[in-house]
Amino acid sequence: MLIPIPSGPSSLLPKSFYTGNDVVNIARSLVGKIISTKIDGIHTSGIIVETEAYRGPDDQACHAKNDIRTPRTEVMYHEGGILYVYICYGVHPMVNIVTGEEGNPHVVLIRAIEPLTGIETMSERRGFYRNAVGLTSGPGKVATALGIHRVHQAKPVWNPSDAIVQLYDSGLSGFNIVEGYRVGMSKYTGPCAFRPWRFFMDKNPFVSRPLQVHYPDAWNAVD
DNA sequence: TATAGGATAGGCT
DNA sequence: GCCTATCCTATAG
């Protein structure tokens, strides 16, 4: 089940990885990278297999749509390379990586990972689960399994001396990336729901759900 | 296998 | 007051 990672040293992604490109390109290139956490001295990690780009202010699916700048969205406006953690439905934390230069509210949502290390710990954090795939096959699951919560808001992910959250190049290659509509859109999102800003590793069982081919026509219009 | 509903809280109109 | 970048369980087929 596990992806074979090429041996040899894996390299920490530098800060420039997050600031020197557009959020959509970064979301695509994060598929196949490694996200790791060291929380309470325990190391967990996984291969990123699914991401989404959120590109405010001109993206109605983004929390910073129309440049809504509030205490919640403030972190998104920071320089890229830090965490944005958001609680969805009052229950589930979601792991996002801020990208771009300061002032651009751009983030990448980590939607699914394939577990690599610390699987026992991830299982404990998640509680009982029906099968191995259910461990990290969704954004809320990913945050819980990795132990990321709102206390980690604005944490840098590129700092060699801060191992709380880090992203690495895996050296993994030979996989295909599928792109499609983002998950969880509604008619209130408007035309932005149809931007192909979701990326996932083809045929990977940890991807949260099948490719969304189209949304109902009703979503094109808001009442 | 597919679908429906509840949990749960904070942000925004 | 309504919506939300979700997850889990129960129930029906």
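So that the names make sense, note that chain A is the first sequence line, chain B the second, and so on, each numbered from 1.
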Okay, side chain of [X], backbone of [Y]: is any donor-acceptor separation there less than 3.5 Å?
| X | Y | answer |
| --- | --- | --- |
| A:Glu114 | A:Asn204 | no |
| A:Ser170 | A:Leu172 | yes |
| A:Arg111 | A:Arg182 | no |

Flag as yes if A:Tyr54 stacks onto the base of C:dA5 (centroids under 5.5 Å, planes under 30°), otherwise no.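 So A:Tyr54 counts as stacking on the base.
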
Within the 4.0 Å heavy-atom criterion, would you say [X] contacts the bases, only the backbone, or no part of the nucleic acid?
| X | value |
| --- | --- |
| A:Ile68 | sugar-phosphate |
| A:Arg72 | sugar-phosphate |
| A:Thr70 | sugar-phosphate |
| A:Gly90 | base |

With rounding to the closest Å, how many angstrom separate the P atoms on B:dG5 and C:dC3?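 Pairwise P distance, B:dG5 against C:dC3, rounds to 16 Å.
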
Choose from [options] the nucleotide whose nearest atom is closest to any side-chain atom of [X].
| X | options | value |
| --- | --- | --- |
| A:Tyr89 | B:dC12, C:dC7, B:dA7 | B:dA7 |
| A:Met185 | C:dA5, C:dC8, B:dC12 | C:dA5 |
| A:Met94 | C:dA5, C:dC3, C:dT6 | C:dT6 |
| A:Val183 | C:dT4, C:dC7, C:dT6 | C:dT6 |
| A:Arg150 | C:dC7, C:dA5, B:dG10 | B:dG10 |
| A:Tyr188 | C:dA5, C:dC3, B:dC12 | C:dC3 |
| A:Val91 | C:dC7, C:dT4, B:dA7 | B:dA7 |

Roughly, in whole Å, what's the span from [atom1] in [X] to [atom2] in [N]?
| X | N | atom1 | atom2 | value |
| --- | --- | --- | --- | --- |
| A:Arg125 | C:dC7 | CZ | C1' | 18 Å |
| A:Ile87 | B:dT8 | CD1 | C1' | 11 Å |
| A:Gln60 | C:dC3 | CD | P | 16 Å |
| A:Arg111 | C:dA5 | CZ | P | 11 Å |
| A:His149 | B:dG10 | NE2 | P | 10 Å |
| A:Arg209 | B:dT3 | CZ | P | 13 Å |
| A:Lys187 | C:dA5 | NZ | P | 15 Å |
| A:Arg182 | C:dT4 | CZ | C1' | 14 Å |

Taking the side chain as every heavy atom from C-beta outward, state whether A:Val107 and A:Val23 have any pair of such atoms under 4.5 Å apart.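 With C-beta onward as the side chain, the pair stays apart.
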
Verify the contact: side-chain N or O of [X] to OP1 or OP2 of [N], cut-off strictly under 4.0 Å; return yes or no.
| X | N | value |
| --- | --- | --- |
| A:Ser208 | C:dT6 | no |
| A:Arg198 | C:dA5 | no |
| A:Arg126 | C:dC7 | no |

Is there a side chain to side chain donor-acceptor pair (under 3.5 Å) between A:Asn66 and A:Gln60 once you walk through the steps? CA-CA 8 Å; A:Asn66 306 329; A:Gln60 293 303 303; 3.1 Å; yes

Is the shortest side-chain N to carboxylate O distance from A:Arg69 to A:Glu74 below 4.0 Å?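 Result for this pair is yes, salt bridge flagged.
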
Working for side chain to side chain donor-acceptor pair (under 3.5 Å), residues A:Ser137 and A:Lys141: CA-CA 6 Å; A:Ser137 57; A:Lys141 300 174 183 178; 3.1 Å; yes

Counting a pair only when it is Watson-Crick or G-U and both distances are under 3.5 Å, which runs of at least 3 such pairs involve DNA chain B?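 The stems are B:1-7 with C:6-12, B:9-12 with C:1-4.
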
Could you tell me which non-hydrogen atom of A:Tyr168 sits nearest to which non-hydrogen atom of A:Ser36, and how far apart they are?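 Looking at all heavy atoms of both residues, the closest pair is CE1-OG, 3.7 Å.
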
Which heavy atom of A:Tyr77 sits nearest to which heavy atom of A:Ala64, and what is that distance?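 Closest heavy-atom pair between A:Tyr77 and A:Ala64: OH-CB, 3.8 Å.
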
